[in-house]
There are 2 protein chains.
Amino acid sequence: MPKDGQCPECSRINEVLHRVGDRWSVLIVISLAQYDVLRFNELKRHLGISQRMLSLTLRELERDGLVNRTYHPTIPPKVEYSLTELGQSFKEPVYALGKWALTHLPVIDEARAEYDAASNQAKTG
Amino acid sequence: MPKDGQCPECSRINEVLHRVGDRWSVLIVISLAQYDVLRFNELKRHLGISQRMLSLTLRELERDGLVNRTYHPTIPPKVEYSLTELGQSFKEPVYALGKWALTHLPVIDEARAEYDAASNQAKTG
DNA sequence: AGACCCGGTTACACAGAGGGAACCATCATG
DNA sequence: CATGATGGTTCCCTCTGTGTAACCGGGTCT
């Protein structure tokens, strides 16, 4: 961790982003937002996430109060995950980000291709 | 990288998040949004980022069309960075996320403390 | 000549993210 | 008894992210 001292807001944002802004957290929140309730293996199949990472990420999400874990002691066991209120509130900015991502990915790809072409030309020419 | 095949939207979002959701990109965008134009070393000082990471991240941001790089061949050299239109549009969801983060960080901390206390009690008791 | 400024780049090292596979516990089925 | 399903956990290994430190290159000041 660097000093981070310069811009206090930055480090706060960084903190939360680091916690909740990783790849899987966001995708899990999005999935739970869509389907309301999902079981462990449903999430696993839906996201193509490894069992290990799903378990880890869900626990962190639960710890942070974003996700509810409901354990049904049936045989075989059944565990359901859903968003808490906090998770629901997080859904909105995440959706905004997701929407932006989906909307602008083509533009980004284009910009990237252009940049690569230009720098390639610079190298060759 | 996993299969990612299950939920196509997820993998797209993941893709952009992976690109633009790292530690520094977001903070650079926020800083540039605030100050309009910043020089290399201004960013460096403001964020407390290492020279290497700043250089790397800025190049990626430029490559993705989010940031403009203006090189003034003066002595000593002067390089100015600013947001492109795309970068400006990215600013909004990022701000939404940042705002959520700042608002809910206390709640998260609280939830976390509660969770830790509970699991500690479970372990001890 | 040597030191300094700016904006980078390169070499090296370390921590953490993340995947894969095997193991666990429990009951049902064949 | 072996197998399967569910929801995890644990071990091991790799790959990436990130930091530190040193160097570059041109010009200016001393």
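Letters A, B, ... are given to chains in the order of the sequence lines, protein chains preceding strands, and every chain is numbered from 1. Below, all heavy atoms of this structure are taken into account, side chains as well, without hydrogens, waters or symmetry copies. Computed from a predicted model, the values in this text were never measured in an experiment.
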In whole angstrom, what separates B:Gln51's CD from D:dA21's C1'?
-> 11 Å
Keeping the roles fixed (side chain from A:Ser55, backbone from A:Gln51), state whether a donor-acceptor pair exists under 3.5 Å.
-> no
A:Leu58 has an atom CG; how far is it from atom P of D:dT6, in whole Å?
-> 16 Å
May I ask whether A:Phe40 and A:Ile75 are part of the same hydrophobic cluster, defined by side-chain heavy atoms of I, L, V, M, F, W, Y residues being less than 4.5 angstrom apart, directly or through others?
-> no
Cluster check A:Val37, A:Tyr81: I/L/V/M/F/W/Y, side chain < 4.5 angstrom = no
same_hphob_cluster(B:Tyr115, A:Leu61) at 4.5 Å side-chain heavy-atom cutoff = no
Spacing of A:Ile49 atom CD1 relative to D:dG7 atom P, expressed in whole Å = 14 Å
Given atom NZ of B:Lys44 and atom C1' of D:dT18, what is their separation to the nearest angstrom?
-> 15 Å
Whole-Å distance between C:dG18 P and B:Asp22 CG?
-> 13 Å
Using a cut-off of strictly less than 4.0 Å, decide whether A:Arg52 has a side-chain nitrogen or oxygen near OP1 or OP2 of D:dT9.
-> no
Contacts of A:Thr103 meeting side chain to side chain contact (heavy atoms under 4.5 Å, CB included) (sequence neighbours excluded), chain-then-number -> A:Lys99
Residues passing the side chain to side chain contact (heavy atoms under 4.5 Å, CB included) test with A:Asp116, sequence neighbours excluded, are A:Arg112, B:Arg63
Nucleic acid contacts of residues 71-84 of chain B, taken as heavy-atom distances under 4.0 Å to DNA chain C = B:Pro76, B:Pro77, B:Lys78, B:Val79, B:Tyr81
What nucleotide among C:dG18, D:dT18, C:dG7 has an atom nearest to a side-chain atom of B:Trp24?
-> D:dT18
Shortest non-hydrogen pair, B:Trp24 vs B:Gly48, comes out as CH2-O, 4.2 Å
Which whole-number value in Å describes the distance from A:Met53 CE to D:dC15 P?
-> 17 Å
D:dC11 C1' sits how many Å from A:Leu56 CG, rounded?
-> 13 Å
Please determine if a side-chain N or O atom of B:Arg59 lies less than 4.0 Å away from the OP1 or OP2 oxygen of C:dT9.
-> yes
With sequence neighbours left out, the residues meeting side chain to side chain donor-acceptor pair (under 3.5 Å) with A:Ser25 are A:Asp22
Starting at atom CZ of A:Arg23, determine the distance to atom P of C:dG16, rounded to an integer number of angstrom.
-> 18 Å
Where along residues 31-41 of chain B does a heavy atom come under 4.0 Å from DNA chain C, residue by residue in number order?
-> B:Arg39, B:Phe40, B:Asn41
Report all side-chain donor-acceptor pairs from residues 82-93 of chain B shorter than 3.5 Å, counting only partners two or more places apart or in another chain.
{"from": "B:Thr84", "atom 1": "OG1", "to": "B:Gly65", "atom 2": "O", "distance (Å)": "2.5"}
{"from": "B:Thr84", "atom 1": "OG1", "to": "B:Leu66", "atom 2": "O", "distance (Å)": "3.1"}
{"from": "B:Thr84", "atom 1": "OG1", "to": "B:Leu86", "atom 2": "N", "distance (Å)": "3.3"}
{"from": "B:Thr84", "atom 1": "OG1", "to": "B:Gly87", "atom 2": "N", "distance (Å)": "3.1"}
{"from": "B:Ser89", "atom 1": "OG", "to": "A:Trp100", "atom 2": "NE1", "distance (Å)": "3.0"}
{"from": "B:Ser89", "atom 1": "OG", "to": "B:Leu86", "atom 2": "O", "distance (Å)": "2.7"}

Can a side chain N or O of A:Ser50 be found less than 4.0 Å away from OP1 or OP2 on C:dG18?
-> no
